[in-house]
Amino acid sequence: MSDLLLLGLIGALTLLLLLTLLAFAGYSGLLAEVAVSAGSPPIRNVTVAYKFHKGSYGETGHLFTESCSVSPKLRSVAVYYDNPHMVYPEKCRCAVGSILSEGEESPSPELIHLYQKFGFKVFSFPAPSHVVTATFPYTTPLSIWLATRRVHPALDAYIKERKLCAHPRLEIYQQDQIHFMCPLARQGDFYVPEVKETERKSRVPVEASDAPMDGTGADTSDPSSVSLEVGPGSRETSATTLSPGASSHGWDDGDTRSEHSYSESGASGSSFEELDLEGESPLGEPRLGPEAEPLGANKWPRELSTLEKGEE
C-alpha cells in the first residue's frame with residue numbers, strides 16, 4: 001500500500017512539474033501569435049552605443065551583458081547583417097549595444113563618454129519611412145530563444161513571398177516586448193563602419209584578380225576605366241556593396257535561394273504599393289498610399305553615391 005502511495009505521489013509531482021514547465025513556456029511566448037506586417041517603424045531615429053562582432057550570433061550574449069551593465073535602464077539593440085542559414089558562423093557580422101537617445105533628443109556627453117570608456121562606439125540610425133516588422137513577448141530569458149525560432153522564419157517567409165529587399169535585421173528589446181525590424185528604405189544607413197570596411201577589404205583581392213594580364217603577367221587594364229568607390233565612412237554607400245564574400249553557403253543543399261546576407265533578400269524589389277500596410281504606427285505616421293515611390297525593379301535598391309552624383 002505504501003508503495004502505491006509513493007508511486008502516486010511521484011506521478012502527481014511529475015505531472016505538476018510538466019504543467020509548470022508548460023505554463024512557463026506559454027508565459028514566455030510559446031503560444032504567442034507572430035504577426036508580420038509592413039508599415040511604419042516602431043522607433044524613430046536613434047543614437048546607439050555598440051560593439052561590432054564577427055562570428056556566431058550565439059556568442060553575442062556577453063555583448064548584451066556588457067551594454068546592460070553600463071546602463072541597465074537603456075533599451076538593448078542588435079543589428080544582424082548576415083543570414084546565418086547561408087553564411088558560415090565565423091563570417092556572420094552584427095552590432096550589439098544600447099539605444100542612447102531617440103528622436104530629437106540628443107544623448108548626454110557624459111553618457112557617450114561612459115560607453116566609450118568601456119570600448120563602445122557611437123553611431124546613429126535613421127527612421128526609415130517603411131519597414132517589415134514583428135513583435136514578440138519578452139517576459140523571460142526563454143522568450144529570446146523562442147523568438148529566434150519563431151519570428152525569424154516568419155520574417156523570412158514574408159519577405160521571400162513578397163520578393164522584398166528588406167535588410168539588415170534589427171532587434172529592439174523594449175520593456176516586455178522584442179521589436180523586429182527590417183528597413184525597406186535607407187538600408188545603407190544601418191550599416192556600421194566596420195561592416196563597410198570588411199566589405200571594402202573583401203572586394204580588393206577580387207578586383208585585383210579580375211584585371212586583364214598580357215603574356216608577361218603585367219596588368220594591362222586601362223587605369224581610366226577603374227571605377228571609384230566611396231569609402232566606408234560615407235553614409236550613402238549603396239546597399240548593393242554589402243553582401244558577404246564567397247564563403248557564403250547553404251545548410252540545406254536543396255535550398256537554391258540567392259539570399260546570403262540579409263541585404264540579398266528577394267529576387268526583385270517589390271514596390272511599396274504591393275504591400276498590405278497596417279495603417280498608422282504608434283508614432284502616428286500615415287499609411288502608404290498608391291502614389292508612393294516604388295522600391296525599384298532591380299534586386300537591390302541602389303542609392304547613388306556622392307561621386308556618382310557628381311559625375312551626372
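As a basis for the values below, the full set of heavy atoms in this structure was taken, side chains included, without hydrogen atoms, waters or symmetry mates. Worth saying up front: this structure is predicted, and the values here are computed from it rather than measured.
Relative orientation of the Tyr173 and Tyr138 rings is perpendicular, given thresholds of 30° and 60° on the angle between their planes.
Residue Ile159 comes nearest to Ala166 through the heavy atom pair CD1-CB, 3.8 Å, listed as atom of the first residue, atom of the second, then distance. In terms of heavy-atom proximity, Ser129 sits nearest to Ala185 at OG-CB, 4.2 Å. Pairing each heavy atom of Ala78 with each of Val96, the nearest pair is CB-CG2, 4.2 Å. Contact between Val131 and Pro128 at its shortest, heavy atoms only, is CG1-CG, 3.4 Å. Shown here for Cys94 and Phe52, the closest heavy-atom pair between the two residues is O-CD1, 3.4 Å. Pro84 and Tyr57 make their closest contact through CD-CE1, 3.9 Å (heavy atoms, listed as atom of the first residue, atom of the second, distance).
The distance from the SG atom of Cys165 to the CG atom of Leu184 is 8.0 Å, given to the nearest 0.5 Å. Rounded to the nearest 0.5 angstrom, Asn83 CG and Arg169 CZ are separated by 7.0 Å. Put simply, OG on Ser67 and NE2 on His62 are 10.5 Å apart, with the number rounded to the nearest 0.5 Å. Between the CZ atom in Phe123 and the CG atom in Leu100 there is a gap of 13.0 Å [rounded to 0.5 Å]. One distance of note links OG1 of Thr135 with CD of Gln177; it measures 4.5 Å at 0.5 Å rounding. For the atom pair CG (Leu63) and NE2 (His53), the distance works out to 6.5 Å, reported to the nearest 0.5 Å.
Put simply, the side chain of Leu5 does not reach to within 4.5 Å of the side chain of Leu9, judged on heavy atoms. Within the 4.5 Å cutoff, the side chain of Tyr191 has heavy atoms near those of the Pro168 side chain. In this structure, the side chains of Asp156 and Lys160 stay at 4.5 Å or more apart for every pair of heavy atoms. Contact check for Leu170 versus Pro183: side-chain heavy atoms found under the 4.5 Å cut-off. Between Asn45 and Ser124, the closest side-chain pair of non-hydrogen atoms is not below 4.5 Å. With a 4.5 Å cut-off on side-chain heavy atoms, Leu164 and Tyr158 count as touching. Taking the side chain as every heavy atom from C-beta outward, Ile99 and Gln174 never approach each other to under 4.5 Å. In this structure the side chain of Ile178 never reaches within 4.5 angstrom of the side chain of Ile172, judged on heavy atoms.
Look at Glu199 and Arg93 and you find a salt bridge, because one of the NZ, NE, NH1 or NH2 atoms lies within 4.0 Å of a carboxylate O, short of that distance. A salt bridge is defined here as a Lys NZ or Arg NE, NH1 or NH2 lying under 4.0 Å from an Asp or Glu carboxylate O, and Glu194 with Lys121 meets this definition. The residues Glu197 and Arg200 are annotated as salt-bridged, a charged nitrogen and a carboxylate oxygen being separated by less than 4.0 angstrom. Salt-bridge formation is not detected for the pair Glu90/Lys54: no Lys NZ or Arg NE/NH1/NH2 atom is positioned less than 4.0 Å from an Asp or Glu carboxylate oxygen.
The closest donor-acceptor contact from the side chain of Thr60 to the backbone of Ser56 lies at 3.5 Å or more, if one exists at all. Between the Ser98 side chain and the Ala49 main chain, no donor and acceptor come within less than 3.5 Å of each other.
Side chains of Thr140 and Ser28: a donor-acceptor N/O pair is present below 3.5 angstrom, by distance only.
For the pair Arg186 and Phe190, the NZ or CZ position fails the cation-pi test of under 6.0 Å to the six-membered ring centre and within 45 degrees of the ring normal.
Within 6.0 Å of atom CZ in Phe64, more than 12 heavy atoms from other residues, nucleotides or ligands are found, so the atom counts as buried in its surroundings.
Aromatic ring centres of Phe120 and Tyr50 lie farther apart than the 6.0 Å criterion allows.
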